[in-house]
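All values below come from the heavy atoms of this structure, side chains included, with hydrogens, waters and symmetry mates left out.
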Number of protein chains: 2
Amino acid sequence: MLNMVSRRMLLALTLAASLCASHGLRAQPQTDPLPSWTEGATKKSITDFVARVTAQGTADFVPVERRIAVFDNDGTLWTEQPFYFQLAFAIDRVKALAPKHPEWKQKQPFKGLLAGDMKAVGAAGEKGLLQIVAASHAGMTTEAFSKVVADWLVTARHPRFSQPYSEIVYQPMLELLGYLRANGFKTFIVSGGGLEFMRVFAERVYGIPPEQVVGSSGMTKFEVGSDGKPVLMKLAKMEFVDDGPGKPVGINRFIGRRPIFAFGNSDGDQQMLQWTAAGSGARFMGIVHHTDAVREYAYDRKSHVGKLDRALDEGIKRGWTIVDMKQDWKRVFAFEN
Amino acid sequence: MLNMVSRRMLLALTLAASLCASHGLRAQPQTDPLPSWTEGATKKSITDFVARVTAQGTADFVPVERRIAVFDNDGTLWTEQPFYFQLAFAIDRVKALAPKHPEWKQKQPFKGLLAGDMKAVGAAGEKGLLQIVAASHAGMTTEAFSKVVADWLVTARHPRFSQPYSEIVYQPMLELLGYLRANGFKTFIVSGGGLEFMRVFAERVYGIPPEQVVGSSGMTKFEVGSDGKPVLMKLAKMEFVDDGPGKPVGINRFIGRRPIFAFGNSDGDQQMLQWTAAGSGARFMGIVHHTDAVREYAYDRKSHVGKLDRALDEGIKRGWTIVDMKQDWKRVFAFEN
């Protein structure tokens, strides 16, 4: 009990300290807040930006309430290869449900998926993908869905790293999230991934609470059961796709302020980066470039997942920070050593 | 400069103190945090609830991150008579734009609106209302719209109180918002009103930042102008109606956690109150009952605006806190005295 009080007090003091820090009242930290980042221009572009916007009395100073930082998730905070983790979840979910659906054995895209024939799944096109999403993400309450995702995160393993998917997160980005928050930033996820999928782990893994997760979503419907208990049922109908030009739309809808700091890794983040860049005052735009086939994956302009082509050209042209994963990150994952 | 530093320090210390308070580490406050509330059962139901959920080591204790409080806006935080303030804005906006639209003189619902013939406007039905919304809320960028609303708030006056609309806010509810935040709650608006309309004043008036405002919204579209500058254009198409059964849907979408505290005033809030009530652990559900025709307005079951009928029955039956405005509020508006 005493121990818990002490921990709470420590938390309160840490928060108070970070508030003071955000007002420029704290002495320089004794230790490097970004230890997994190689010393160099990339790391310096981050620390210089944070120093600029938190220096009171300067033209670049940004008050705490406007220190909004947005991060893509797939390929920016966690790995997205060999395919999006949420697709891995959907596949595992279809497999788990298959015994109750004998008809799937004869019906695409389920037949192909169950037989491991991803070509047949691909041939079923967008309609097939939506059928998989409907089977794995709808027809249950929001609470039941969260439970299914939580259970999957405990049992499923990444095919290459043999770790739970929620461990395949970039240690340098975790440090960056913490560093920004210690400097008064409010950190948000703005992802093409599913809102309710990400919220299951975002708080524990990234320190980002559910109300700061922006993502794609399906429709839900309020219903009162025969027992008088209200539930939200997940329907098999998309409501919003938070990708590409949808990202500034999602930022406007959920956050209602323009970010001053944005990080992405693919062409799906280009408009979010443009939207962030177009505001007045100091801005930071960052792109994670996957250049490390040994420790993670190397891909960009020709990748089926996380294609980075036009956004890379624009980032280079406009002087955005391009993270060369191989060069700029001393460590990629916490489980490496 | 020194002064500013002192103020910032004070802010940091106040926040730190409120964090400590939320962990039960602070001594009892010396002054009443709810001075505009009459002593009695209603006020006690609020302070008792807050004491319960913030008392560490008890079964009812709720950690800070789950102290989510949601408030309806129209009729709960500010007045909604003689009609919704956002409709007053739309009418003023149509009048301001009329010189550029000579055709409106012959065309309903604009003709009726410009002539003050609200019966004709009503006769144009929902289609007519959507035309007014389209004319007043769309066809411009999100930034231009915010500017129009901000200008209107400075110039427009309420027909009865002759005050700017953003002053027609309930002093007891402002105190309640502050009291909850001082006890570690995160306060949200969940309103049928327009998201981008409310965000213009919510932070200044209620202390609620844009990212904690949930409301109805129109579609927006990301566009890059010929000057290369990206904008979000407001389209004349509804995207989401955050009212009735839409409120739990909006809460799930934007907040992603079930509130433990909810306040409304009309049947449009019934599902939000039900959704809040259905969670496990300690819960607070409150309804503002407009019973004071002298200081504000008296209306409930038969009102065209803010009808309170089924939700009142359910609230009485289930023991929710029903605020009798006349009895429970010593003062309604800050401008009263």
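The candidate from B:M219, B:Q212, B:K221, B:E239 with the greatest count of non-hydrogen atom pairs under 4.5 Å with chain A is B:E239. Options A:P210, A:P245, A:G244 differ in how many heavy-atom pairs under 4.5 Å they form with chain B, and the most are formed by A:P210. Options B:L232, B:T220, B:V249 differ in how many heavy-atom pairs under 4.5 Å they form with chain A, and the most are formed by B:L232. Highest contact tally toward chain A, considering only B:R253, B:K229, B:E223, is held by B:R253 [criterion: heavy-atom pairs under 4.5 Å]. Among B:Q271, B:E143, B:K247, the residue with the largest count of heavy-atom pairs under 4.5 Å with chain A is B:Q271.
Heavy atoms of B:K186 lying under 4.5 Å from chain A belong exclusively to its side chain. Heavy-atom distances place the side chain of B:R258, and not its backbone, under 4.5 Å from chain A. Contact annotation for A:F240: neither backbone nor side-chain heavy atoms come within less than 4.5 Å of a heavy atom of chain B. Proximity to chain B (any heavy atom under 4.5 Å) is shown, for A:V214, by neither the backbone nor the side chain. Contacts between A:T142 and chain B at a heavy-atom distance below 4.5 Å involve the side chain alone, from C-beta outward. Proximity to chain A (any heavy atom under 4.5 Å) is shown, for B:V213, by neither the backbone nor the side chain.
Considering only heavy atoms from C-beta on, A:E203 comes within 4.5 Å of B:R257 through its side chain.
The two residues B:F222 and A:P248 come nearest to each other via the heavy atoms CD1-CG, 3.4 Å.
B:F254 CZ to A:F254 CZ: the interatomic distance, rounded to the nearest 0.5 Å, is 5.0 Å.
Among residues 190-199 of chain A, the residues having any heavy atom closer than 4.5 Å to a heavy atom of chain B are, in sequence order, A:L195, A:E196, A:R199.
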